Amino acid sequence: MGDVPSQAALKEADEAQLTQADTVRALKASLKEGTAEKSDVDSAIQKLKDLKLAATKLQQAFEAANEAVAGVFRNKEEFRAALVNACERRLFYIPSFKIYGSVAGFYDYGPPGCAIKQNVTALWRQHFVLEESMLEVECPAVTPLPVLKASGHVDRFTDLMVRDLKTNECHRADHLLEHALEAALTNRAQLKLTEERVQEARTLLATVGELKEEALGAALQAWDVRAPDTGNDITPVPFAFNLMFRTSIGPSGDMVGFLRPETAQGIFVNFKDLLYYNGGKLPFAAAQIGQSYRNEIAPRAGLLRVREFTQAEIEHFCHPEHKEHPGFASVADEAPLLFSRELQMGAEKKPQAMALGEAVTRGIIANETLGYFIGRTHLFLKRVGLTTERVRFRQHLQHEMAHYAQDCWDAEVECSYGWVECVGLADRAAYDLDVHSQHSKAALVAREEFSEPRLVQSLKPLPNRKELGKTFKQLGKAIEGVLAEASEGDKQCWADQLSDKGSFPLTVNNAQVELTTSMIEFKSEQKKETGRWITPSVIEPSFGIGRILYCLFEHAFYTREGDAQRTVFRFSPSVAPVKATVFPLLQKDDLNARARLISKALIAAGLSVTIDTTGTTIGKRYARTDEIGVPFAVTVDYQTLKDDSVTLRERDSTSQVRVPAGELPQVLQDLSHERSSWEAIQKLYPAQEAAPAAAS
């Protein structure tokens, strides 16, 4: 019998796969830029397949030789199954509509789930909205079509899908092709694939995300891809599926609306009023916490991919030429794991801890404001209780970014599903305000006042009204209006075209007209300006609260040493669903009465507590509260009746101290708000070695 692989070997195999996956992504980017060959991509994909196969064999050998022992899970699936079981059994979250068979992509939060979600969002509001003096808004979830048409969601917020021709079940077309190609390459010997066919599969796999409808359909047919569960034929050509939930507004049904796919648009369309509220001054930030909706084709992975989810988004509006941030010095020394483009494209493929000040100075992060929010996000995720070694900030590769974006980073958290994007941070330039200005005809601009008046060269359009009226009739006035409101850049462009070609095109009321030298001229003039109108840039941090919660559940979950059945969540006191439980040591009237008084005092102090007078053993009651992550437990015993002191137990260490009941509310407030630590409390109060014996 061969050597049994260790957990260290399994971890090493997993890391090798992740590194190779980053290599494949970097080579795909290089292929688009013309600096890599297809053969390089094919070889990298094959190496990734080999690493996956080797890791699978290691995992199988480990599972065959080991049985699950206390606190040790044989694989990620076993760990995840135990976690989900604990979450559903203790009602952190459960599938929605269970008695009707559930609907994929929807989850209900139970009492502890609601509490911890509320605590995380309250911490987010404290950390960002209150500490940064942001302007918080709340906007409707139902959004009219014109708003989302302007933002691009109506036309571009789509995935390609196919349908099972017999059951009508829908599937993501690119996912089906990826799975089919991966299976073919894994089983190429059994399928007797020629070398040419293998190369074709590798090339397709490298570019599947870029295929359009017809090319994707042809590939699905060429590889005889069928519906995964039934083996039935699928529709021959994939079709675009818009991920927004469509609805109608009003009883007539004439006004089309959608459930919003993000909360950001409500902030953009309110920019003008928010700017006025802020005294007309830049920079300022607006924030919103609310529900968003995406009609995912085949949602899986629990809370990580759902159809309704909570977002917390910030839109920071600033001068496009001045993206310094006054608070940057406070985070400049923070050194999160940064996975820059350079590191992703390099040989090692690993993130590196780097001070944000250095990253901005070296141009790795585009500007101070973006760097500031990366730092603040890092601090928030740490405050929530995520393991910082399992949080990284990955910079988007050039081909991943929208054409208008200046720089984009994702806060990714490692969990059993791999690295999961939980926060997106992007410098979106002026794109959002520009498109809403164009479509709504509202000027979403800010006034910049100069410290000293400036002499500037300006082009003044001089339309020939007689000629415009003769040629375009009533449209002539609209043309004059567009010319008068045009930016200096547009006027310069038109003047150059007029000089070079004798005419230029102009869009007026959704119609395009051609203006010639007989209709208009541009006169250069010098004028004194005290200020100018600018379209602000937007820095956008966008948080997926559900994803952060799920990763927090994974990072906090463990089992007691020596007892695999005793599961524990090590939530930080600030986000724990319940701060303390109160137990009478025994089911006695005098102890129960005293426990109720102490519980009432703690609730009056603003602490969420529960009282357990069920009479089961103290150990079982501890285990029950450990399983929902309650950080502290208060035990009322016979000594309490003598000297008015109680036992206070800390969840993870299980150590105990003796605290006067009168001081307990302040002690638990300090611990819950993390103004004090358990170590500090242990120095202040005497240790309680064991529960006192019951009186006879």
Side-chain angles (χ1 to χ4, degrees), residues 4 6-8 10-11 59-60 62-95 98 107-113 115-116 302-303 385 387 390 415-417 549-573 575-587 609-635 647-656 678 688-691:
V4 177
S6 65
Q7 286 188 310
L10 295 178
K11 185 177 180 182
Q59 187 69 55
Q60 289 170 346
F62 179 82
E63 290 177 20
N66 292 276
E67 301 222 354
V69 295
V72 178
F73 299 98
R74 292 175 298 179
N75 54 48
K76 293 177 181 177
E77 290 71 24
E78 190 175 90
F79 168 81
R80 193 185 305 140
L83 169 70
V84 171
N85 175 270
C87 285
E88 293 191 3
R89 185 163 39 81
R90 296 314 304 267
L91 280 187
F92 280 96
Y93 66 89
I94 55 174
K98 278 177 68 175
Y107 288 90
D108 296 337
Y109 288 94
I116 195 169
L303 294 180
T387 306
R390 300 175 69 187
C415 68
S416 64
Y417 289 99
L549 278 179
Y550 179 78
C551 291
L552 177 59
F553 290 152
E554 281 212 7
H555 287 204
F557 185 67
Y558 70 100
T559 60
R560 290 284 185 207
E561 187 176 350
D563 188 351
Q565 300 306 309
R566 287 191 62 185
T567 57
V568 186
F569 282 101
R570 59 163 70 88
F571 298 131
S572 66
V575 302
V578 177
K579 307 308 179 190
T581 49
V582 181
F583 306 138
L585 182 63
L586 297 171
Q587 180 71 302
V609 300
T610 60
I611 184 168
D612 187 343
T613 58
T614 56
T616 57
T617 66
I618 196 74
K620 286 183 178 179
R621 282 181 280 173
Y622 281 150
R624 211 155 46 203
T625 57
D626 289 347
E627 199 170 31
I628 61 168
V630 181
F632 306 106
V634 177
T635 303
T647 296
L648 182 63
R649 170 191 182 264
E650 194 273 334
R651 176 196 60 220
D652 297 314
S653 66
T654 70
S655 57
Q656 303 177 41
W678 181 248
Q688 174 75 52
E689 297 301 333

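Since we're looking at a predicted model, the values are computed, not measured.
With hydrogens and angles disregarded, no donor-acceptor distance shorter than 3.5 Å links the side chain of Gln688 to the backbone of Leu648. Of the possible donor and acceptor atoms, none in the side chain of Lys579 sits under 3.5 Å from a partner among the backbone N and O of Pro631. Put simply, the side chain of Glu650 gets close to the backbone of Asp652: a donor and an acceptor are under 3.5 Å apart. Remark: side-chain polar atoms of Arg90 are paired, donor with acceptor, to backbone N or O of Arg624 under 3.5 angstrom. No donor-acceptor pair under 3.5 Å is formed between the side chain of Arg560 and the backbone N or O of Thr567.
In terms of heavy-atom proximity, Ser416 sits nearest to Arg80 at OG-NE, 2.9 Å. The shortest heavy-atom contact between Tyr107 and Gly302 is OH-CA, 3.4 Å.
Not a single side-chain hydrogen bond (donor to acceptor under 3.5 Å, both in side chains) links Arg651 to another residue, sequence neighbours left out. Evaluation of the side-chain contact (heavy atoms from CB on, under 4.5 Å) rule for Val609 yields Ala580, Ser599, Leu602, Ile603, Leu607 as partners, not counting sequence neighbours.
The shortest distance between side-chain heavy atoms of Phe583 and Thr625 falls below 4.5 Å. For the pair Phe569 and Cys87, the minimum side-chain heavy-atom distance is below 4.5 Å. Tyr622 has its side chain within reach of Thr635: a pair of non-hydrogen atoms, C-beta onward, lies under 4.5 Å apart. Counting only heavy atoms from C-beta outward, the side chains of Arg621 and Thr614 approach each other to under 4.5 Å.
Between atom NZ of residue Lys620 and atom CG of residue Asp612 there is a gap of 12.5 Å, rounded to the nearest 0.5 Å. Distance OG1/Thr581 to CZ/Arg649: 8.0 Å, rounded to 0.5 Å. Here OG1 of Thr387 is found 10.5 Å from CD of Glu554. Values are rounded to the nearest 0.5 Å. Interatomic distance, OG of Ser572 versus CG of Leu552, reported as 7.0 Å (0.5 Å rounding). For the atom pair Tyr93 OH and Ile116 CD1, the distance stands at 12.0 Å (nearest 0.5 Å). The SG atom of Cys415 sits 7.5 Å away from atom CZ of Arg390, with the distance rounded to the nearest 0.5 Å.
Using a 4.0 Å cut-off between charged nitrogen and carboxylate oxygen, Arg570 and Asp626 do not count as a salt-bridge pair. Taking 4.0 Å as the cut-off between side-chain N and carboxylate O, Glu627 and Arg89 count as a salt-bridged pair.
Tested against Phe92 for a ring-ring contact (aromatic ring centres under 6.0 Å, His included), the candidates Tyr550, Phe553, Phe557 yield a single pass: Phe553.
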>> What verdict does the side chain to side chain donor-acceptor pair (under 3.5 Å) test give for Thr613 and Gln587, after you've listed the backbone C-alpha separation in whole Å, the side-chain angles of each residue and the deciding distance to 0.1 Å?
In response: CA-CA 6 Å; Thr613 58; Gln587 180 71 302; 4.8 Å; no

